[in-house]
Amino acid sequence: MERRNHTVTKFILLGFTTDPMMQLVLFVVFLGVYSVTLLGNNILITLICNDSRLHTPMYFFIGNLSFLDLWYSSVYTPKIRVTCLSEDKSISFEGCVTQFFFSAGLAYSECYLLAAMAYDRYMAIANPLLYAQAMPRSLCICLVAFSYIGGFLNAIILTSNTFTLDFCGDNIIDDFFCDVPPLVKLACDVRDSYQCVLYFLLASNVIAPTLLILASYFFITAAILRICSTEGCLKAFSTCSSHLVSVTLYYGSILYIYSRPSSSYSLERDKMVSTFYTVLFPMLNPMIYSLRNKDVKEALKKLFNLSQASV
């Protein structure tokens, strides 16, 4: 990637605090969060792969979401823990580019995947008897593949435009990872064309999937209202509740960070919000999709009983 009129060869990640004691506390906290993230997502993926009752389109998407969250969390948390303990808080220019690219690619992919999951919920409720035919394995694979391809193609656009900005000032990033707001703060001159790129990417990767999700839930609500029994309505709503919680938390934080003009960025406030969707959200997803899910609970009991029997 061509560098323009700047001499930046590395960046300094300030992280959350310079207090050594607080850094140690944060290291332990992030170690715990990362461990729970790895454990929770790996257990969910194992259950979905091994239990035939979970071999449905809905769980296929949930399993892919867990895989994406494992990858997503691993882009940030190991570096955060190193930054907490090490006196050297630098990240090379190339390392920053790599982290930025995968961060954007995985974030955009998750936006598309959550939209695909909303469509899946619509098909399950609107056509329950034809659900398997309406969502064949080939279509599910295509939707997941499109999520990754679309996400990483747009990440290429964002990364190439961001790292051809002129970083002629400080090289200190007031954040825990390489992200748009702190990098824009370091740029000498942010062109109007770059701001247009940000708005285009926001529209294509966040706004468009949001509209698809809203449309899906509009039709889901219409389908539920046609159900005569109260029990049937409650069951239909319960199949969507986990996805709604996941969408609200993820899209809410993403829109808060990236839907504002660069002149209104507040790095301290944005840092807290970024921590939620980059580190905490991948840990919460397995809980969101399993705590109220009878099938997952039964599969977990079965796995636990098999483990006890083998011992």
Using only atom types and a distance under 3.5 Å, with no angle test, would you say the side chain of [X] pairs donor to acceptor with the backbone of [Y]?
X    : Y    : answer
T210 : V206 : yes
K89  : T83  : yes
S160 : I157 : yes
Y251 : C111 : yes
S253 : Y250 : yes
D179 : P181 : no

[atom1]/[X] to [atom2]/[Y] distance, rounded to the nearest 0.5 angstrom?
X    : Y    : atom1 : atom2 : answer
S193 : L198 : OG    : CG    : 10.0 Å
L13  : D175 : CG    : CG    : 8.0 Å
I213 : M117 : CD1   : CE    : 9.5 Å
T159 : N154 : OG1   : CG    : 10.5 Å
F177 : Y76  : CZ    : OH    : 5.0 Å
D174 : L186 : CG    : CG    : 9.5 Å

Write down the atom of [X], the atom of [Y], and the distance for their closest heavy-atom approach.
X    : Y    : result
N161 : T164 : O-OG1, 3.2 Å
C240 : I220 : SG-CG2, 4.0 Å
Y277 : P282 : O-CD, 3.9 Å
S109 : G151 : OG-CA, 3.7 Å
L54  : Y59  : O-CB, 3.0 Å
L26  : C84  : CB-SG, 4.0 Å

Going hydrophobic residue to hydrophobic residue with side-chain gaps under 4.5 angstrom, can you get from [X] over to [Y]?
X    : Y    : result
Y112 : V247 : no
L31  : V33  : no
L65  : L212 : no
F176 : L85  : no
M22  : V28  : no

Indicate yes or no: at least one non-hydrogen side-chain atom of [X] is less than 4.5 angstrom from one of [Y].
X    : Y    : answer
E110 : L106 : no
T37  : T77  : no
I80  : V279 : yes
L114 : P209 : no
H243 : Y289 : yes
I173 : C96  : yes
V180 : Y194 : yes

- Message: Pair N171, K10 - check side chain to side chain contact (heavy atoms under 4.5 Å, CB included), show working.
- Response: CA-CA 7 Å; N171 69 334; K10 66 179 180 179; 4.2 Å; yes
Residues 124-132, side-chain donor-acceptor partners within the protein, below 3.5 Å, at least two apart:
unit_1 : atom_1 : unit_2 : atom_2 : d
Y131   : OH     : M58    : N      : 3.3
Y131   : OH     : D120   : OD1    : 2.5
Y131   : OH     : D120   : OD2    : 3.3
Y131   : OH     : R121   : NH2    : 3.2

For F101 and F152, I'd like to know if the aromatic rings sit close, meaning centre-to-centre distance below 6.0 Å.
yes
Contacts of N64 meeting side chain to side chain donor-acceptor pair (under 3.5 Å) (sequence neighbours excluded), chain-then-number -> none
Let's go through L158 and Y108 carefully: what are the C-alpha distance in whole Å and the side-chain angles of both, what is the deciding distance for side chain to side chain contact (heavy atoms under 4.5 Å, CB included) to 0.1 Å, and is it a yes or a no? CA-CA 11 Å; L158 179 61; Y108 294 153; 3.3 Å; yes
Practice item. Determine, stepwise, if the pair T56 / M135 fulfils side chain to side chain contact (heavy atoms under 4.5 Å, CB included). Key: CA-CA 9 Å; T56 65; M135 295 295 294; over 6 Å; no
Exceeds 12 heavy-atom contacts within 6.0 angstrom, atom OH of Y217 | yes
Quick one: sort the W71 and F102 rings into parallel, tilted or perpendicular, breaks at 30° and 60°.
tilted
| request: Give the intermediate values and the outcome of ring-ring contact (aromatic ring centres under 6.0 Å, His included) for residues Y72 and F281. | output: CA-CA 10 Å; Y72 196 28; F281 186 75; 8.3 Å; no
> Between N285 and S66, do the side chains contain an N or O donor and an N or O acceptor separated by less than 3.5 Å?
Replying inline: no
Stepwise, does the side chain to side chain contact (heavy atoms under 4.5 Å, CB included) test hold for L214 with F218?
-> CA-CA 6 Å; L214 291 175; F218 173 80; over 6 Å; no
